[in-house]
Each structure stands twice: as C-alpha cells, then as structure tokens.
Amino acid sequence: MTAKEALDIVINNNYTAEELNSKCGVYIITINGKHYIGSCKLLVNKTSRDGFHYRIYAHLYRLLKGNHHSLKLQNAFNKYGIENVEFED
C-alpha cells in the first residue's frame with residue numbers, strides 16, 4: 001500500500017475489525033528500493049500502540065516531521081518524497 005493509502009486508513013479509521021486483528025508480524029517500508037524492516041504485535045484495538053496501523057502512522061509522522069530514528073530511511077524519504085513510500089505486511 002502507498003503512504004497516502006496508509007494515511008487514509010489510519011486517519012479515517014478506514015479498516016474493519018477483521019483487518020485490525022489480522023495485522024501483525026513483520027512489515028517492510030520501501031522507498032525507491034531501500035528497505036526498512038520492522039515488526040509489531042497483534043493489534044487488539046484501534047488505540048493499541050503495538051499494532052500495524054499505529055506503526056504506519058508513527059513512521060509516517062516522524063518521516064514527515066523530519067525526525068525518524070533511522071537516518072537512512074529519513075534521508076531516502078527526504079530525497080524521494082512520500083509518493084515513493086510503500087508499506088508491505
């Protein structure tokens with residue numbers, strides 16, 4: 001999914017209970033062929049900070065603010081922009 005699709009899902013709570021409970025494990029953020037690999041626990045509810053949708057939001061928020069903890073990911077984001085961010089789970 002693209003970063004814009006991910007933001008729509010997170011901001012508008014545009015997902016079902018089944019989707020919430022199925023998102024867990026390892027995820028990959030790709031920017032122009034460069035990968036960041038992360039993991040999350042099973043998302044029990046929409047306010048859990050351990051779930052996939054929260055992690056998407058947290059990564060995008062930090063990238064947009066320019067203070068992501070992965071300098072390589074932040075530099076790739078700064079260079080290629082949000083339109084080149086992809087999420088896989």
Side-chain angles (χ1 to χ4, degrees):
M1 94 180 65
T2 67
K4 290 180 182 182
E5 291 168 335
L7 281 174
D8 178 58
I9 288 169
V10 175
I11 292 170
N12 297 313
N13 290 326
N14 190 17
Y15 43 87
T16 65
E18 293 80 26
E19 289 175 310
L20 285 176
N21 290 321
S22 68
K23 300 290 188 187
C24 62
V26 175
Y27 60 90
I28 302 170
I29 301 172
T30 304
I31 303 176
N32 200 48
K34 299 186 186 312
H35 305 290
Y36 173 92
I37 300 173
S39 65
C40 58
K41 297 178 184 177
L42 181 65
L43 184 57
V44 177
N45 61 49
K46 291 184 180 185
T47 61
S48 172
R49 291 179 176 244
D50 293 324
F52 178 72
H53 291 94
Y54 178 82
R55 292 290 175 95
I56 289 173
Y57 171 79
H59 283 294
L60 286 174
Y61 178 82
R62 290 183 185 115
L63 287 167
L64 289 165
K65 290 290 189 180
N67 65 354
H68 195 275
H69 65 272
S70 169
L71 293 177
K72 290 182 179 182
L73 188 66
Q74 184 68 61
N75 289 338
F77 180 84
N78 293 344
K79 184 173 182 178
Y80 300 107
I82 194 169
E83 57 276 353
N84 290 298
V85 177
E86 292 284 333
F87 290 92
E88 298 174 50
D89 63 336

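Along the sequence shown, the residues carry numbers beginning at 1.
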For Ile82 and Phe77 the tightest heavy-atom approach is CA-CE1, 3.7 Å

Enter the distance from Ile37:CD1 to Ser70:OG here, rounded to the nearest 0.5 Å. 11.5 Å

Rounded to the nearest 0.5 Å, what's the gap from CG on Leu63 to NZ on Lys65? Could you check? 12.5 Å

How would you list, by chain and number, every residue that makes a side chain to side chain donor-acceptor pair (under 3.5 Å) with Asn78, sequence neighbours excluded? Gln74

Hey, what's the ring geometry for Tyr36 with His69, parallel, tilted or perpendicular (30° and 60° as the breaks)? perpendicular

Taking side chain to side chain donor-acceptor pair (under 3.5 Å) as the test, write out the residues that go with Asn32, two or more places apart. Tyr80

